[in-house]
Amino acid sequence: MPEFPEVETTRKSLESKVLNRTFVDVWTDEPKIIKKDWSSFRKEIIGKKIVRIWRKGKNLIFDLSGGLSMLTHLKLTGHYLYDRWNEKDPMNSFVHAKFILDNGKTLALSDLRKFAKIELKKKEEIEKDLEKIGPDPFQIGSEEFEAKIRKKRGKIKQVLMDQTVVSGIGNIYSDEILWESNVHPERKTADISEKEMQDIYKSSKKILKKALEAGGTSISDFRNTEGIKGKFGEIKKAYGREGQKCFRCSSLIKRKKIGQRSAHFCPSCQKL
DNA sequence: CCGATGACCTGACCGC
DNA sequence: TGCGGTCAGGTCATCG
């Protein structure tokens with residue numbers, strides 16, 4: 001599920017709720033989510049305090065006491081839930097990991113497809129693993145953004161989603177950003193004009209900011225830590241709108257496979 | 001080094 | 001109702 005807006009929504013919420021809490025117990029019914037031998041994971045994490053919660057791209061990292069960090073990647077369908085959440089929503093029922101905190105409350109990971117991963121390593125090791133992840137659009141200026149994008153040859157949609165180039169953008173927001181910029185997803189990075197690059201840069205920040213303010217997108221399974229949906233799905237312009245009218249020109253939105261993913265775009269506003 | 005392709009999983013939905 | 005196919009906010013390993 002999660003791209004920048006969903007992960008950041010989760011991060012902010014967890015920061016306000018579980019920062020400075022200590023793990024007193026852990027549970028899982030799907031040990032493969034934890035990329036470490038379960039008994040050593042359990043032994044190492046119990047008694048550790050959460051001292052910082054940060055994000056790099058789509059990765060969510062809990063720095064713990066004792067020089068350890070716990071990295072979580074929610075992949076397609078993972079989301080964190082805390083304390084008392086909306087249990088009527090079936091999407092909140094795929095809980096495969098639970099952390100019991102020293103205030104007696106539970107931090108849970110619900111993940112329908114079980115792709116999420118949790119790693120526990122030394123802080124420096126986690127940081128090293130994340131070196132390959134590029135900056136998100138808010139961390140760089142337009143010149144650096146353009147330089148990074150141009151350096152990678154290929155179709156703009158795929159390059160925008162390449163986490164080593166720029167991070168935080170996935171399938172939904174790349175479609176939204178390119179629609180907003182009037183750029184066809186298959187345009188080659190080398191052939192995009194400077195003006196268009198500026199538009200893509202500005203749109204990236206605009207769309208991600210808007211989506212964050214809306215609490216993310218919950219077309220399928222994303223929920224915040226209270227188990228509630230985000231609202232960006234109600235105002236998206238391209239993703240998932242195949243066959244519906246473009247909000248700018250009324251042409252019908254098209255869907256096309258690019259790489260392995262579905263791209264949604266307006267064939268008349270976004271020309272090849 | 002690069003791109004293309006499957007693998008990892010489960011559930012929803014659509015057409016017959 | 002049931003079956004089979006397709007699709008899904010993401011990465012990884014492997015192969016040519």
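We name chains A, B, ... by the order of the sequence lines, and we start the count at 1 in each one.
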| said: Side chain of P2(A) only, heavy atoms from C-beta on: which candidate in dG11(B), dG10(C), dC7(C) is closest? | reply: dG10(C)

| request: Report yes if a side-chain nitrogen or oxygen of K114(A) is closer than 4.0 Å to either non-bridging phosphate oxygen (OP1 or OP2) of dT10(B); otherwise report no. | output: yes

| query | In whole angstrom, what separates D162(A)'s CG from dA4(B)'s P? | reply | 13 Å

| query | Rounded to whole angstrom units, what separation is found between the CG atom of N92(A) and the P atom of dG11(B)? | reply | 15 Å

| said: In this structure, how many angstroms lie between the P atom of dT11(C) and the CE atom of M161(A), rounded? | reply: 10 Å

| message | Side-chain N or O of R255(A) versus OP1/OP2 of dA8(C): is the shortest distance under 4.0 Å? | response | yes

| Can you tell which of dT11(C), dG3(B), dC8(B) lies closest to the side chain of K152(A)? | dG3(B)

| Value in whole Å for how far the P atom of dT11(C) lies from CG of N59(A) | 7 Å

| Between the side chains of D175(A) and H264(A), does any donor sit under 3.5 Å from an acceptor? | yes

| hbond_proxy Q260(A) side chain to dG6(B) base (donor-acceptor, 3.5 Å cutoff) | yes

| Basic-acidic side-chain contact under 4.0 Å: D89(A), K229(A) | no

| message | Between H73(A) and dT11(C), is there a contact of a side-chain N or O with OP1 or OP2 at under 4.0 Å? | response | yes

| Taking the six-membered ring for Trp, are Y239(A) and F232(A) ring centroids under 6.0 Å apart? | no

| request: Find the distance R153(A):CZ to dC1(B):P and express it as a whole number of Å. | output: 14 Å

| message | Return whichever of L112(A) or K132(A) has its heavy-atom-nearest nucleotide of DNA chain C closer to the 5' end. | response | L112(A)

| request: Using the P atoms only, state how far dC1(B) lies from dG10(C), rounded to an integer number of Å. | output: 26 Å

| field | Aromatic ring of F94(A) stacked on base six-ring of dT10(B), 5.5 Å, 30° | value | no

| d(NZ, K56(A); P, dG10(C)) in whole Å | 19 Å

| query | Do I169(A) and I200(A) belong together in a cluster built from hydrophobic side chains that touch within less than 4.5 Å? | reply | yes

| query | Using a cut-off of 4.0 Å on non-hydrogen atoms, how would the nucleic acid contact of K236(A) be classed: base, sugar-phosphate, or nothing? | reply | nothing

| task | Could you tell me whether the side chains of S167(A) and D136(A) share a donor-acceptor contact shorter than 3.5 Å? | result | no

| query | What integer number of Å spans the P atoms of dG5(C) and dG6(B)? | reply | 16 Å

| field | Under-4.0 Å side-chain N/O to phosphate OP1/OP2 contact, K117(A) with dC12(C) | value | yes

| message | Looking at dG11(B), I'd like to know if its phosphate oxygens (OP1 or OP2) sit under 4.0 Å from a side-chain N or O belonging to R113(A). | response | no

| field | D89(A) CG to dA12(B) P, straight-line distance once rounded to whole Å | value | 11 Å

| query | Base, sugar-phosphate, or nothing: which does S262(A) touch, judged by heavy atoms less than 4.0 Å apart? | reply | sugar-phosphate

| query | Going by distance alone, is a donor N or O of one side chain under 3.5 Å from an acceptor N or O of the other, for K98(A) and T106(A)? | reply | no

| message | What's Y173(A) touching, base or sugar-phosphate or nothing? Going by heavy atoms closer than 4.0 Å. | response | nothing

